[in-house]
Protein chains: 2
Amino acid sequence: MDTARKRNSAREESLEVILHHAEKIFAEFGFKGATMQAIADASALPKANLHYYFPTKMALYREVIERIFTIWLGAADSFDTSASPREALSRYIRKKMEISRAHPCGSKVWANEVIQGAPIIQDYLQTTLNEWTDTRIEVINRWISDGKIDPVDPRHLLYMIWATTQHYADFQHQVVTLNGGKRLDDAQWDAATRNVTEIILKGIGA
Amino acid sequence: MDTARKRNSAREESLEVILHHAEKIFAEFGFKGATMQAIADASALPKANLHYYFPTKMALYREVIERIFTIWLGAADSFDTSASPREALSRYIRKKMEISRAHPCGSKVWANEVIQGAPIIQDYLQTTLNEWTDTRIEVINRWISDGKIDPVDPRHLLYMIWATTQHYADFQHQVVTLNGGKRLDDAQWDAATRNVTEIILKGIGA
DNA sequence: AAATGCTTTGACCATTTGGTCAGGTTAAGG
DNA sequence: CCTTAACCTGACCAAATGGTCAAAGCATTT
């Protein structure tokens, strides 16, 4: 039993290692630019071994996308529709910033996908994301009619939050360059989160 | 003379056609994903002809980047350091939104570059962009000490403006999908610009 | 109209790369 | 032990792709 579990967990670990490095390589070189050889090297495995676990590059890519989507759903949940505007948006922005910091590569892969017309995630955009967006738009519109925030177009507010928070992941390289080549430290991430949160909240009169 | 000019202008036009379509293809497929054949087909020219005008794919790519950078400089100039915060920022945001609408592919190519660690534009980031940013940070800090706006970190304000305005170009596909598959019309672009401008200006107490 | 030099292009080549496969290795169960 | 099945991998292949080149086309000058 113990050995059976060992074999199984070895498989899990291989999958994990491959997916982790694949995300990195796909983020850095795009789908076409990433090579199975590069992912294999990063994973310290022979290329043929990758094809044992993932039949094709596209299959591997889809798995990577799947994982990223799961993380994205976690952030989506943190947008608590029953809380006050300040509470709900602060929490959501904080969560989005945390994800940008913890998973910059995932964010980059997602960005690449969308930039290139979302060939793979089109379905997610049309169903899950679209529905989620609609429910949040409703909530924001209720805030507006309750006089809790200014009458802004909820869509543009959401885009602003997405764009700004994801910028710290997708444009990480530019942010770091303009920071004198040094990665943002704890205090700077904290300052970024506070600035973004404050400007947006005040900007909508929350 | 007339014939000499004709030949010259034919050359100009070929260059223009190639660069235009190259920008599109690079935006849609990334550097590696874009093929000379695809650019040739889009330009309705044989592939060998591309190599007559641009010796290598990288040389063509650099030219595309160069053009985009020129456009970016135009927007940068519209940030008038002698105007009031409201005036300077409204104008800058409007200009950035106009560029997102007029040159979405250029923006996408730029985004791809930065996401992938800016292998080509690193130099621009460290010199021109860095210097430009520093001068604007100074101006914004003066606004703050003059009590014209709230004490926000100028960097994060700039990042927010860049991220949000460029989102409408880079994430065009997502924006369109969430708009029911229809491209934004004049009124929607106008609304987006107004919302973004108002939230940011009010957000910093301008 | 002949010479000159810029422009065009089909055919071709070398390299890269996704994917295959046959044979070997290791672990689980009897 | 021995069988079985999962796992691993070096060697290999076919297709895609960046780039070359020689020969042809064409406009401009003399």
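On a predicted model such as this, the values are computed, not experimentally measured, just so you know. Hydrogens, waters and symmetry mates are skipped; everything else that's a heavy atom, side chains included, is used.
Atom-to-atom, CD1 of I25(A) to P of dG18(C) comes out at 12 Å; the value is rounded to the nearest Å. One atom, CD of E13(A), and another, C1' of dC7(D), lie 15 Å apart when rounded to the nearest Å. In this structure, L15(B) places its CG atom 14 Å from C1' of dT8(C), rounding to the nearest Å. Here dG19(C) presents its C1' atom at 14 Å from CG of L60(A), a figure rounded to the nearest Å. Counting to the nearest Å, the P atom of dT16(C) and the CZ atom of F29(A) are 15 Å from each other. Between the C1' atom of dG18(C) and the CG atom of N49(A) lies a distance of 16 Å, rounded to the nearest Å. Remark: C1' of dT9(C) and CG of D41(B) are 14 Å apart, rounded to the nearest angstrom.
One finds no side-chain N or O of R11(A) lying less than 4.0 angstrom from the OP1 or OP2 phosphate oxygen of dA6(D). Side-chain nitrogen and oxygen atoms of Y52(A) include at least one within less than 4.0 Å of the OP1 or OP2 phosphate oxygen of dC7(D).
Scored by the ring-ring contact (aromatic ring centres under 6.0 Å, His included) test, Y61(A) finds F26(A), F31(A) as partners (sequence neighbours excluded). Taking Y92(B) as the reference, F79(B), W132(B) meet the ring-ring contact (aromatic ring centres under 6.0 Å, His included) condition, with sequence neighbours excluded.
Axis angle, first five pairs versus last five pairs of the helix from dA1(C)-dT30(D) to dG30(C)-dC1(D): 10°, rounded to 10°.
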So if I define the base as every atom that isn't primed, P, OP1 or OP2, how would nucleotides 15-21 of chain D read as a B/S/- string at a heavy-atom cutoff under 4.0 Å? --SBBBB
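Among the protein residues, F54(B) comes within range of no part of the nucleic acid, since none of its heavy atoms lies under 4.0 Å from any strand.
Taking CZ of F171(A) as the start and OG of S100(A) as the end, the distance is 12.5 Å to the nearest 0.5 Å. Note that the CD1 atom of I200(A) and the OG1 atom of T164(A) stand 5.0 Å from one another [nearest 0.5 Å].
You'll find that the side chain of P46(B) is closest to dT9(C), out of dT9(C), dC7(D), dG10(D).
Listed by first and then second residue, the salt bridge (Lys or Arg N to Asp or Glu O under 4.0 Å) pairs that reach into residues 27-42 of chain B come to none, sequence neighbours excluded. Applying the salt bridge (Lys or Arg N to Asp or Glu O under 4.0 Å) test to pairs two or more places apart or on separate chains, those with a residue in residues 69-95 of chain B are R86(B)-E198(B), E87(B)-R91(B).
Within 6.0 Å of atom NZ in K57(A), more than 12 heavy atoms from other residues, nucleotides or ligands are found, so the atom counts as buried in its surroundings.
Contact detail for F29(B) and A34(B): the closest heavy-atom pair is CB-N, 3.5 Å.
Defined by atom type and a distance below 3.5 Å, a donor-acceptor pair is missing between the side-chain atoms of K182(B) and Q188(B).
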